[in-house]
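To start, the structure itself, in structure tokens.
Small disclaimer: the values here were computed from a predicted structure and weren't measured. In the text below, chain A, chain B and the rest are named by the order of the sequence lines, each starting its count at 1.
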There are 2 protein chains.
Amino acid sequence: MFELSQLRCFVAVARELNFRRAAEHLHMTQPPLSRQIQLLEDDLNVKLFERTSRSVRLTAAGKSFFVEAQDLLKRAEAASLTARQAEAGQHGSISFGFIPVAAFDIMPRVIKAVGDKAPGVNLLLHEMLTIEQIEALTAGRTELGLIRLPGKGSDWNSDASSANGSFSPFMLAIRSSRRRISGSRISTDSLSSCIRQRTAGTPTKSLRRSSTTPRCGRNSCSISAKPIPS
Amino acid sequence: MFELSQLRCFVAVARELNFRRAAEHLHMTQPPLSRQIQLLEDDLNVKLFERTSRSVRLTAAGKSFFVEAQDLLKRAEAASLTARQAEAGQHGSISFGFIPVAAFDIMPRVIKAVGDKAPGVNLLLHEMLTIEQIEALTAGRTELGLIRLPGKGSDWNSDASSANGSFSPFMLAIRSSRRRISGSRISTDSLSSCIRQRTAGTPTKSLRRSSTTPRCGRNSCSISAKPIPS
DNA sequence: GTGTCTTACGCCACGCGTAACAATG
DNA sequence: CATTGTTACGCGTGGCGTAAGACAC
């Protein structure tokens with residue numbers, strides 16, 4: 001599998017469309033850069049550039065991979081930062097997942113609510129899809145999650161799930177409610193109550209409760225999702 | 001900066017919470033694995049594990065980084081796959097961005113619409129946030145994007161943007177409408193018309209049009225977003 | 001002693017740079 | 001012939017495995 005260093009090489013070339021300048025920008029010489037691109041192409045088993053002996057162009061595959069590569073590098077940076085932030089707030093921190101769309105809407109109020117209810121507690125935010133959050137919750141990698149389930153009994157893959165109306169309300173999913181937030185005297189349960197209260201007024205339509213009891217490694221745990229009241 | 005191989009090491013250890021078994025699973029011996037974890041910790045400048053001479057536990061930072069690391073590895077896999085898919089469909093392919101929430105809802109119909117209107121054209125799907133899509137469109141890395149803008153004149157950061165009602169309708173953002181889809185006789189313009197038509201009926205409230213003319217490298221281009229009709 | 005992780009050390013491979021090569025305008 | 005990207009080759013760093021150490025139960 002390719003490495004991040006190779007992605008950096010690729011992105012540099014894709015940006016410049018010129019090996020010499022890209023190499024310069026990467027503080028290296030062209031030949032090793034060419035080689036890295038070749039290795040990456042080998043690894044992916046796809047030609048990323050069209051080299052027409054006087055110009056370099058991205059192939060369709062290259063164009064597509066360019067989007068993903070930049071995204072990966074950006075996320076790698078962010079991950080590094082996240083870890084340091086978590087360290088800083090070791091005295092009371094809580095891992096919180098949220099769906100992307102919530103960032104524009106409800107998350108600012110969630111952040112404020114946590115800041116008021118549990119001052120000093122560091123909120124570790126992870127942008128994740130709903131399905132990823134359920135995995136993370138059951139595995140104990142996050143304590144809380146803001147998700148939104150498809151409407152009335154429809155399954156995930158049905159495109160009728162939310163086609164003719166809005167989504168179900170935002171749901172606050174909780175793992176092991178009795179547990180205290182590390183370094184604090186507040187339980188995730190009471191914090192979640194506070195958040196639901198403080199973020200009330202978001203578009204909601206129906207009440208819905210979901211709970212599962214999956215096994216995760218040695219100990220089992222339960223997650224439950226409660227709607228944000230309207 | 002760390003490498004993906006180090007992330008694989010970290011994830012293996014974080015999963016097993018045991019260096020020996022993790023090493024085994026990675027087809028290597030423990031000592032180099034220990035070293036890689038140390039190097040990763042050095043790089044991040046954060047302790048990821050609490051080693052108490054008979055057990056290994058994740059620190060708060062480690063827990064947080066675990067979430068991100070898994071995500072990165074998954075996305076790396078996906079990126080590799082995307083590139084190969086793009087290669088396969090070189091005869092007519094179109095890069096299409098979409099916001100995560102659309103996957104459950106409108107994307108299946110978009111895919112069907114493209115399949116009918118432009119059979120044989122490969123649809124390269126990229127899950128991206130709205131802001132990322134605008135960047136990708138202006139940079140020419142995607143041709144079309146399905147986004148959703150916050151409601152009536154509110155700015156991105158305002159938490160009132162969509163607090164008390166649903167979002168604005170889905171918008172189909174287009175780059176350089178005159179351009180033809182590579183390897184096909186269909187223009188992105190006509191394809192987008194078809195998609196808007198075929199996906200009509202999604203929750204929409206207000207009409208809205210946004211267009212910008214940013215410079216992207218040498219040539220400038222314009223992107224415009226048109227609402228999906230209700 | 002049996003299990004754990006870490007430190008020490010030698011070897012090989014991989015990635016770099018320099019130099020020579022090929023190709024195009 | 002200037003400028004591009006590729007091939008060839010030698011060197012040094014870095015990551016591996018083996019072996020030995022430290023520590024706990």
- Item | Validation row: B:Leu17, B:Ser55 side chains within 4.5 angstrom (heavy atoms) | no

- Item | Close side-chain approach of A:His126 to B:Glu68, heavy-atom, < 4.5 Å | yes

- Message: Between P on D:dC16 and CZ on B:Arg8, what's the gap in Å once rounded to a whole number?
- Response: 12 Å

- When the distance from CD1 of A:Ile37 to C1' of D:dT7 is rounded to whole Å, what number comes out? 17 Å

- Task: Establish, with yes or no, whether the OP1 or OP2 oxygen of C:dC14 is under 4.0 angstrom from a side-chain nitrogen or oxygen of A:Gln36.
- Result: no

- Could you state the CG-P distance from B:Leu17 to C:dT4, rounded to the nearest angstrom? 13 Å

- Task: Give me the bend of the helix from C:dG1-D:dC25 to C:dG25-D:dC1, using the axes of the five pairs at each end, rounded to 10°.
- Result: 10°

- Can you tell me if the side-chain N/O atoms of A:Asn18 get under 4.0 Å from OP1 or OP2 in D:dT3? no

- Message: Strictly distance-based, threshold 3.5 Å: is any side-chain N or O of B:Glu3 a donor or acceptor partner for the main-chain N or O of A:Leu4?
- Response: yes

- Task: Take the protein atom CE of A:Met28 and the nucleotide atom P of D:dT6, then report the distance between them rounded to whole Å.
- Result: 13 Å

- Item | Heavy-atom donor-acceptor pair, A:Glu127 side chain to A:Ile99 backbone, under 3.5 Å | no

- Message: Could you check whether any side-chain heavy atom of A:Leu144 comes within less than 4.5 Å of a side-chain heavy atom of A:Phe98, counting everything from C-beta outward?
- Response: no

- Item | Whole-Å gap separating C1' (C:dG15) and NE2 (A:His27) | 17 Å

- Query: Do B:Thr142 and B:Ile94 have side-chain heavy atoms sitting under 4.5 Å apart?
  - Reply: no

At a cut-off of 3.5 Å, list every protein nitrogen or oxygen paired with a nitrogen or oxygen from nucleotides 6-10 of chain C, distance to 0.1 Å.
| from | atom 1 | to | atom 2 | distance (Å) |
| --- | --- | --- | --- | --- |
| C:dT6 | OP1 | B:Arg51 | NE | 2.8 |
| C:dT6 | OP1 | B:Arg51 | NH2 | 3.4 |
| C:dT6 | OP2 | B:Ser34 | OG | 2.5 |
| C:dT7 | OP2 | B:Gln38 | NE2 | 3.1 |

- Note on the structure: Here the distance between atom P of D:dC16 and atom CG of B:Leu39, to the nearest Å, is 9 Å

- Message: Rounded to whole Å, please give me the gap between CD in A:Glu3 and P in C:dG15.
- Response: 9 Å

- Task: Mind checking ring pair (Phe, Tyr, Trp, His ring centres under 6.0 Å) for A:Phe10 and listing every partner two or more places apart, or none if nothing turns up?
- Result: A:Phe49, A:Phe65

- Note on the structure: Which of C:dG17, C:dC5, D:dT18 is nearest the side chain of B:Val56? It is C:dC5

- Is the closest basic N to carboxylate O distance between B:Arg21 and B:Glu16 below 4.0 Å? yes

- Taking the side chain as every heavy atom from C-beta outward, state whether B:Glu132 and A:Asp71 have any atom pair closer than 4.5 Å. yes

- Item | Euclidean distance, atom NZ of residue A:Lys47 to atom C1' of D:dT6 [Å, nearest integer] | 13 Å

